[in-house]
Student: 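Quick one: the structure is below, questions incoming.
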There are 2 protein chains.
Amino acid sequence: MVDIPEGYGPDDELDPEAADPLYLQLAAVLISRIANGTYPMGRAVPGVDRLMQEFGIARGTARKTLVLLAEMGHVRTVVGKGSFVIERETGEPPASGSDVTVD
Amino acid sequence: MVDIPEGYGPDDELDPEAADPLYLQLAAVLISRIANGTYPMGRAVPGVDRLMQEFGIARGTARKTLVLLAEMGHVRTVVGKGSFVIERETGEPPASGSDVTVD
DNA sequence: CCTTATTTGTTCGTATGTATT
DNA sequence: CAATACATACGAACAAATAAG
């Protein structure tokens with residue numbers, strides 16, 4: 001199991017000095033943004049390359065976070081496409097039309 | 001130089017309590033499997049991540065073993081591809097043309 | 001069909017910090 | 001203090017799936 005640290009808001013920058021490892025800090029930020037609606041259901045969260053650029057982290061760290069989010073059920077990752085939000089914490093129902101079909 | 005400990009067969013699990021360090025125990029197991037034919041010539045031995053999973057060890061330890069095997073001439077490691085068996089202990093001669101270039 | 005670009009997946013190489021023995 | 005081992009993080013290269021043309 002994993003404990004997502006608290007205290008990392010959607011706009012937080014990561015702190016390499018903090019006790020929490022970067023990939024957990026980043027997971028907290030992304031989960032916050034998903035709950036936020038910044039990344040709506042069915043849409044993709046930033047991919048590995050974008051996370052590297054926007055947070056100034058290495059590829060392995062960014063990927064580790066996305067793998068963790070997938071394991072936690074927040075996103076579903078599709079090779080060659082991206083990681084798509086499959087859960088929302090805003091209370092809004094999934095409406096209809098999630099054109100995500102993989103298996 | 002290194003002394004590969006004996007008594008660690010191809011199916012052995014590693015023993016953190018043993019006198020021999022884990023990376024030497026693991027080297028013994030892999031060398032045994034190479035001699036065995038479990039990892040045939042030209043094919044890759046398990047990489048760092050696989051060794052971590054299968055033997056429950058840390059990255060540094062797994063890598064240390066692969067570096068040792070490469071130094072001993074059992075495998076040739078290629079970045080982004082894997083560590084490939086370049087010797088067999090089954091009695092078959094190396095034929096000719098071992099394109100192994102180590103420094 | 002093939003080429004190119006994008007994106008995720010995999011693997012090795014290296015470094016740092018911490019803990020244990 | 002040195003050796004071993006673990007966790008984290010950065011970097012580089014290669015591989016495979018996808019999409020667009």
Side-chain angles (χ1 to χ4, degrees), chain A residues 1-5 8 13-30 39 43-71 74-86 99-103, chain B residues 1-5 8 13-28 30 39 43-71 74-86 102-103:
Chain A
M1 271 299 295
V2 206
D3 285 316
I4 302 298
Y8 298 95
E13 294 182 359
L14 307 186
D15 180 10
E17 308 291 291
D20 305 301
L22 290 179
Y23 76 93
L24 287 185
Q25 292 181 43
L26 179 54
V29 171
L30 296 187
Y39 307 136
R43 307 309 299 264
V45 302
V48 176
D49 289 333
R50 293 240 193 267
L51 293 177
M52 287 173 65
Q53 294 167 9
E54 295 180 14
F55 290 92
I57 57 178
R59 180 176 195 77
T61 308
R63 196 179 152 277
K64 200 166 186 174
T65 298
L66 291 178
V67 169
L68 176 59
L69 289 195
E71 286 173 351
H74 289 292
V75 302
R76 176 178 33 171
T77 297
V78 183
V79 181
K81 298 199 65 175
S83 295
F84 300 89
V85 177
I86 57 181
D99 53 345
V100 191
T101 41
V102 187
D103 270 80
Chain B
M1 271 300 297
V2 209
D3 285 316
I4 302 299
Y8 298 96
E13 294 182 359
L14 306 187
D15 180 9
E17 309 292 293
D20 304 302
L22 290 177
Y23 75 94
L24 288 185
Q25 293 181 42
L26 178 55
L30 296 187
Y39 307 137
R43 307 309 298 263
V45 302
V48 175
D49 289 334
R50 293 244 191 265
L51 293 177
M52 288 172 63
Q53 293 168 10
E54 294 178 16
F55 290 91
I57 57 179
R59 179 176 196 77
T61 307
R63 200 184 147 273
K64 203 165 184 173
T65 298
L66 292 179
V67 169
L68 177 59
L69 288 195
E71 285 173 351
H74 288 293
V75 301
R76 175 181 37 170
T77 298
V78 183
V79 180
K81 299 201 66 174
S83 294
F84 300 90
V85 178
I86 57 181
V102 189
D103 25 345

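Note that the coordinates shown come from a computational prediction; the quantities given were computed from them, not determined experimentally. Below, chain A is the first sequence line, B the second, and so on; all start at residue 1.
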Student: What does B:Gly47 touch in the nucleic acid at a heavy-atom separation under 4.0 angstrom: a base, only the sugar-phosphate, or nothing?
Tutor: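 Counting heavy atoms under 4.0 Å across all strands, the contact made by B:Gly47 is with sugar-phosphate only.
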Student: Pick the closest DNA chain D nucleotide for A:Met52 and for A:Val79 by heavy atoms, then say which residue is nearer the 5' end.
Tutor: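 Comparing both residues, the 5'-ward one is A:Met52.
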Student: Could you state the atom-to-atom distance from CG of A:Leu66 to C1' of C:dT6 in whole Å?
Tutor: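 Rounded to the whole Å, the gap is 15 Å.
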Student: For atom CD of A:Glu13, decide whether the heavy atoms of other residues, nucleotides or ligands shown that lie under 6.0 angstrom number more than 12.
Tutor: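 Open.
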Student: Mind checking whether B:Leu66 and B:Leu51 have side chains closer than 4.5 Å, heavy atoms only?
Tutor: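 Heavy-atom side-chain distance check passes, below 4.5 Å.
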Student: Would you find a donor on one side and an acceptor on the other, under 3.5 Å apart, between the side chain of A:Thr61 and the backbone of A:Tyr23?
Tutor: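 Absent.
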Student: Which whole-number value in Å describes the distance from B:Leu51 CG to C:dC12 C1'?
Tutor: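 After rounding, the reported distance stands at 12 Å.
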Student: Within this structure, what is the CG-to-P distance between B:Leu68 and C:dG13, rounded to whole angstrom?
Tutor: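 It works out to 13 Å between those atoms.
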Student: Please state whether the phosphate of D:dC6, meaning OP1 or OP2, lies under 4.0 angstrom from any side-chain nitrogen or oxygen of B:Thr61.
Tutor: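 B:Thr61 to D:dC6 OP1/OP2: side-chain N or O found under 4.0 Å.
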Student: B:Tyr23 OH to D:dA5 C1': how many Å, rounded?
Tutor: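 Taking OH of B:Tyr23 and C1' of D:dA5, I get 11 Å after rounding.
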Student: Between B:Phe55 and B:Leu22, is a side-chain contact (heavy atoms from CB on, under 4.5 Å) present by the stated rule, with each step listed?
Tutor: CA-CA 10 Å; B:Phe55 290 91; B:Leu22 290 177; over 6 Å; no
Student: Would you tell me if any nitrogen or oxygen in the side chain of A:Arg59 comes within less than 4.0 Å of OP1 or OP2 on C:dT8?
Tutor: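 It does not, given that no N or O in the side chain of A:Arg59 lies less than 4.0 Å from OP1 or OP2 of C:dT8.
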Student: From NZ of A:Lys64 over to P of D:dA9, roughly how many Å is that when rounded to an integer?
Tutor: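 Rounded to whole Å, this separation is 7 Å.
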Student: Counting side-chain heavy atoms from CB outward, which of D:dC10, D:dC6, C:dT8 is closest to B:Ile57?
Tutor: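 Nearest nucleotide to the side chain: D:dC6.
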Student: In whole angstrom, what separates A:Leu22's CG from D:dC10's C1'?
Tutor: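 It is 10 Å, rounded to the nearest whole Å.
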Student: Could you tell me the separation between the CD atom of A:Gln53 and the P atom of C:dT7, rounded to a whole number of Å?
Tutor: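 About 10 Å, once rounded to whole Å.
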Student: Nearest nucleotide by nearest heavy atom, which residue falls closer to the 5' end of DNA chain D, A:Pro21 or B:Pro21?
Tutor: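 Its nucleotide being nearer the 5' end, the pick is B:Pro21.
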Student: Rounded to whole angstrom units, what separation is found between the CZ atom of A:Arg63 and the P atom of D:dA12?
Tutor: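 These atoms are roughly 18 Å apart.
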Student: Applying side-chain contact (heavy atoms from CB on, under 4.5 Å), name anything that partners A:Arg59, two or more places apart in sequence or on another chain.
Tutor: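 side-chain contact (heavy atoms from CB on, under 4.5 Å) check on A:Arg59 returns A:Val48, A:Asp49, A:Met52.
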Student: Does a side-chain N or O of A:Lys81 approach OP1 or OP2 of D:dA17 to a distance below 4.0 Å, or not?
Tutor: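 Checking A:Lys81 against D:dA17: no side-chain N or O falls below 4.0 Å of OP1 or OP2.
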Student: What is the nucleic acid contact for A:Gly82, judged by heavy atoms within less than 4.0 Å: base, sugar-phosphate only, or nothing?
Tutor: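 Result for A:Gly82 = sugar-phosphate.
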